[in-house]
Amino acid sequence: MPETALHSAGKFGDVELSFDDFKKIVINDYRVAFESRQASILGRREVLTGKAKFGIFGDGKEVAQLAMAKAFKAGDWRSGYYRDQTFMFATGMSNLKEFFAQLYATPDIEKDPASGGRQMNCHYATRFVNPDGSWVNQAETMNCAADISTTGGHMPRLLGLAYASKLYRQNKELEYLKQFSVNGNEVAFGTIGNGSTSEGNFFETFNAAGVLQVPMAISIWDDAYAISVPARLQTTKEDISEILKGFQCEEGTNGYEIFKVRGWDYVALCETYERAISICREKHVPVLIHVTEMTQPQGHSTSGSHERYKSKERLAWENDHDCLTKMRDWMITSAIATPEELDELEAEAKKFVRECQREAWNERADEIKIELDEAALAIEQLAQHVAAETELRAIATALRSVVDPGRNDIVSSIRKTLRLTVRENSPEKQALINWLYDENEKNVERYNSKLFSDTPYSPLNVPVIAAEYDDDARLIDGREVLNACFDANFDRDKSIVAFGEDLGAIGDVNQGFAGLQNKYGDLRIVDTGIREATIIGQGMGLSMRGLRPIAEIQYLDYLIYAMNVISDDLTSLSYRTKGGQKAPVIIRTRGHRLEGIWHSGSPMGMILGGMRGLHICVPRNMTQAAGMYNTLLRGDEPALVIECLNGYRLKEKLPANVGEFTVPLGKAEILREGTDITVVSYGSTLRIVLEAAEELEKLDINIEVIDPQTLYPFDTDNICGNSLKKTNKLLVIDEDIPGSGSAYILQKILENQNGYYSLDSQPRTLSAKEHRPPYGSDGDYFSKPSHDDVIEAVYNMMSESNPGKYPAIY
Ligand SMILES: Cc1ncc(C[n+]2csc(CCOP(=O)(O)OP(=O)(O)O)c2C)c(N)n1
Ligand SMILES: [Mg+2]
């Protein structure tokens, strides 16, 4: 940072301040806000001149954020959106140089600790996972959950961040987790734009926090617009706090404390935040602070200008109500500073911001320049030895003359060079190839790493412990095996909690948690409202704060109601912070065939396509599920476990070590050895496949049945590919629609495991029909793969390659 490093905002505190001290704090606040404004102005210019690709800024929202920062303490959390740069500077959680480093997509966590160059500008995060995978002491740091661009998408996790404080305060068994909380005294601060309060996520979160009574403080930055759409088309009565009045706490009720304050009124803002946050912190009552009359001096983002859709009158009003101008005027009339003093402060601030910007740019550009020079030189050296000398020299010259080059320019030039010299061999060419390999490795780390935490605590490193059975092991319902597994884990680890619809009092709709709320209390095992998105958000927030939640979605079909949280927020968390944050939540659900359109879904393709970043477990029975929970609860990465909906009352043997044995992730199991066809299947369909195998035996067909057990990771030992070397035939069977989950499995086996080279006939898939399965047994028979379908699919493949031995059945 340049020498006049930014100081974070001062606090007024409880002690009586002298006027001089008060002045100093206010003047420093103004400086923070003014520098922030300059960063917005300069940032926009950098985008418009082509140095950065996109910009969105917090201009017009500065003053309220100064007030919010004063109420924010170590241990607190922010879950906000892209307008909060001033708050981040004022709390010291970010600074101007990092602001510009992110704007320039600098792929380095030292320079952009929020995202290592992965996120657009003004997407903030603090790093609370150390490089070795251990947790930072969150009770001593200010904490910011990583922003996402989808508006309102950060609300569900806010609920969980706040709920953690409630558990830490009320559950005395958690006192040993000192690095996450001091008696639950933390507040989770949320920010959201007025327009985004139209999102379901906002309302779902808002209601849930009112029910749960958690220390959550939502600030709504109301600038009366959402890009071009005015409040009239967004919000009933054009006033969000007005319509939320029914949530206000009354004598003897739960609810919220609701505040409304104007975004340019520094004094009122400071007073409001102080009052609101102390209620929230002390009483664990959620608060809403509706900040009105905010502006957007530069419009919404660099994508367009607001003159297109705001009237002249509105633009003039925004100009008059600019919070910085208002604060400046107030400081002058209150004798806090003279115009001359403020002019000087502003001139210094402008210079300082410019220096931060230049340093951030130069650091990134200098690094690339070194790489570019090396690459261009290597191309020129190769040029001397090849027929395409002129072309290669032209490539090097073009590379050297790119304005503001990126790594893509460098790598692309080398790849083009290698294509032009495809028939040449020389030490110079080899040197260039080596350089590219080295660079590729660095770029994988820069741009493709950390989809998962990949730390020593990864569930992939959990030791494998086999299930053990006593001689007289009891044969019990599958649900009882799970129940015993949960019981043992809840006893072992006090940080585990579970919640979901009907999960508490009755112990879930299939009784996996039966009796456990009585045993472990309703702070650990609890019912929730019908609110899938915030069940996942609740789990996410808790897991970011050191607890081990099992968040239950009652049926797999309802996962769609939580899809946005899982896909946008949870599964991208490790990646978008380059390993700086993690949320090891375990999502428990049940699915595959049972009854009716919304209780027999198996949308694995949707999950695989939309939730990469989760381990995806598809246990064939409850014992395997238990082993997976045992693994996941000892790891630190998020996962989804889909239990078989039709399997809870099937009998299974109770392992003696039901809370200890582990099923490793990514390890396929051969359930039946065979020589004719490799059949890969998972979940509920497996039982049908195994039954069909018996009948196929009578038709003189011997199938090998493989259960991958987890779809992500998939069969890391190539069990499927190796099986094909023996059978040369592949059939993938599942209950998803055609070309969905089964296509994923085919890609893994044919491409990743080189299965293609072992095949002597066309690989096939057998899936459900494209529509949802109708209600009733006939609906199931004619929609999902049946016993008969499996037999015929296998038989037809054999018939195709040997019609003499296997004549057509019909
Ligand atoms: C889920 C989602 N829908 C739409 C968008 C596109 N979008 C980005 S910002 C924005 C406007 C948000 O307005 P508001 O919440 O009032 O915040 P402001 O930008 O005005 O501060 C929209 C529609 C998005 N990013 N995410
Ligand atoms: Mg808005």
Side-chain angles (χ1 to χ4, degrees), residues 77 79-81 114-115 118-119 123 125 128-129 143-164 188 190 199-201 204-205 208 450-455 457-459 497-500 528 531-553 556 558-589 603 606-617 632-633 635-642 665 710-713:
W77 285 81
S79 178
Y81 80 119
S115 74
R118 290 176 180 188
Q119 289 234 63
H123 284 56
F128 58 75
V129 180
N143 307 291
C144 170
D147 292 2
I148 54 179
S149 302
T150 41
T151 60
H154 59 293
M155 285 285 113
R157 109 179 57 110
L158 174 66
L159 178 73
L161 293 169
Y163 185 59
E199 291 277 8
N201 275 331
E204 193 178 308
T205 304
K450 290 285 183 186
L451 177 60
F452 288 88
S453 314
D454 291 333
T455 71
Y457 305 101
S458 161
V497 291
F499 44 85
T528 66
R531 48 174 183 79
E532 288 75 15
T534 48
I535 287 174
I536 300 304
Q538 198 170 330
M540 212 181 145
L542 291 183
S543 63
M544 293 166 95
R545 294 193 59 191
L547 296 168
R548 293 312 317 265
I550 298 173
E552 174 167 312
I553 299 297
L556 178 54
Y558 312 152
L559 198 68
I560 292 176
Y561 282 67
M563 179 87 180
N564 56 52
V565 186
I566 302 172
S567 185
D568 288 344
D569 200 7
L570 177 60
T571 55
S572 75
L573 183 70
S574 175
Y575 179 79
R576 74 179 190 269
T577 56
K578 207 174 173 193
Q581 300 196 355
K582 62 181 173 182
V585 57
I586 297 171
I587 304 170
R588 175 190 187 217
T589 188
M606 173 191 89
I607 291 166
L608 289 159
M611 302 182 185
R612 212 54 74 87
L614 273 190
H615 294 296
I616 297 170
C617 304
L632 295 167
L633 286 167
D636 75 345
E637 292 173 351
L640 170 68
V641 182
I642 303 167
L665 308 184
T710 58
L711 295 184
Y712 197 99

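One-based numbering along the sequence shown.
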*Under 3.5 Å, side chain of Gln538 to main-chain N/O of Tyr163, donor-acceptor pair present?*
no

*Verify, without hydrogens or angle tests, whether Thr710 (side chain) and Pro713 (backbone) share a donor-acceptor contact under 3.5 angstrom.*
yes

*Listed by chain and number, what are the ring-ring contact (aromatic ring centres under 6.0 Å, His included) partners of His615, not counting sequence neighbours?*
Phe452

*Closest non-hydrogen atom pair, Leu158 against Gly190*: CD2-CA, 3.6 Å

*Are the charged groups of Glu552 and Arg588 less than 4.0 angstrom apart, N to O?*
yes

_Is there a side-chain contact between Glu637 and Ser458 in this structure, where contact means two heavy atoms from C-beta onward sitting under 4.5 Å apart?_
yes

*Mind checking the CD-NZ spacing from Gln119 to Lys578? Nearest 0.5 Å is all I need.*
13.5 Å

_Going by side-chain hydrogen bond (donor to acceptor under 3.5 Å, both in side chains), name the residues that satisfy it together with Ser115, two or more places apart in sequence or in a different chain._
Gln102, Asp112

*Is there side-chain contact between Val497 and Leu542, with heavy atoms separated by less than 4.5 Å?*
yes

*Are the side chains of Arg531 and Ile535 in touch, meaning some heavy atoms are under 4.5 Å apart?*
yes

*Pairwise side-chain contact, Leu573 with Met544, heavy-atom cut-off 4.5 Å (strictly under)*: yes

*Is Arg157 reaching over with its side chain to a backbone N or O of Ser79, donor-acceptor style, under 3.5 angstrom?*
no

*Just wondering, do Ile553 and Ile536 contact through their side chains at under 4.5 Å, heavy atoms?*
yes

*Side-chain heavy atoms of Pro549 within contact of Ile586, under 4.5 Å*: no

_Going by side chain to side chain contact (heavy atoms under 4.5 Å, CB included), name the residues that satisfy it together with Thr571, two or more places apart in sequence or in a different chain._
Ile566, Met611, Leu614

*Counting N and O atoms only, with roles assigned by atom type, does the side chain of Ser567 sit under 3.5 Å from a partner on the main chain of Gly610, one being a donor and the other an acceptor?*
yes

*Is Leu711 close to Leu608 at the side-chain level, that is, under 4.5 Å between some pair of heavy atoms?*
yes

*Listed by chain and number, what are the side-chain hydrogen bond (donor to acceptor under 3.5 Å, both in side chains) partners of Asp636, not counting sequence neighbours?*
Thr455, Lys582

*Not counting sequence neighbours, which residues clear side-chain hydrogen bond (donor to acceptor under 3.5 Å, both in side chains) with Arg548? List them please.*
none

_Run the side-chain hydrogen bond (donor to acceptor under 3.5 Å, both in side chains) test against Tyr558 and tell me which residues pass, sequence neighbours left out._
His599

*Taking it one step at a time, do Met606 and Met563 satisfy side-chain contact (heavy atoms from CB on, under 4.5 Å)?*
CA-CA 9 Å; Met606 173 191 89; Met563 179 87 180; 3.8 Å; yes

*asked:* Within this structure, what is the OH-OG distance for the pair Tyr81 and Ser149, rounded to the nearest 0.5 Å?
replied: 13.0 Å

*Work out which heavy atom in Gly537 is nearest to a heavy atom in Val565; give both atom names and the distance.*
N-CG1, 4.1 Å

*asked:* Is a donor from one side chain sitting under 3.5 angstrom from an acceptor on the other, for Gln581 and Arg576?
replied: no

*Is Ile616 close to Val641 at the side-chain level, that is, under 4.5 Å between some pair of heavy atoms?*
no

_Single hit among Asp569, Leu161, Leu159, Ile587 for side chain to side chain contact (heavy atoms under 4.5 Å, CB included) with Met540_ = Asp569

_Under 6.0 Å from the ring centre and within 45 degrees of the ring axis: does the NZ or CZ of Arg612 meet both conditions for the six-membered ring of Tyr712?_
no

*Heavy atoms only: give me the nearest Ile148-Asp568 pair and the separation to one decimal.*
CG2-O, 3.8 Å

*Say you draw a straight line from SG of Cys617 to CG of Leu640; how long is it, rounded to the nearest 0.5 Å?*
7.5 Å

*For the atom pair CD (Glu199) and OG1 (Thr150), what is the distance rounded to the nearest 0.5 Å?*
8.5 Å

*Return the minimal non-hydrogen interatomic distance between Gly613 and Pro638, and the atom names on each side.*
O-CG, 3.7 Å

*Considering all heavy atoms of both residues, which atom of Glu204 and which atom of Ala533 are nearest to each other, and what is their separation?*
OE2-N, 3.2 Å

*Taking all heavy atoms of Ser574 and all of Ser453, pick out the closest pair and write down the distance.*
OG-N, 3.6 Å

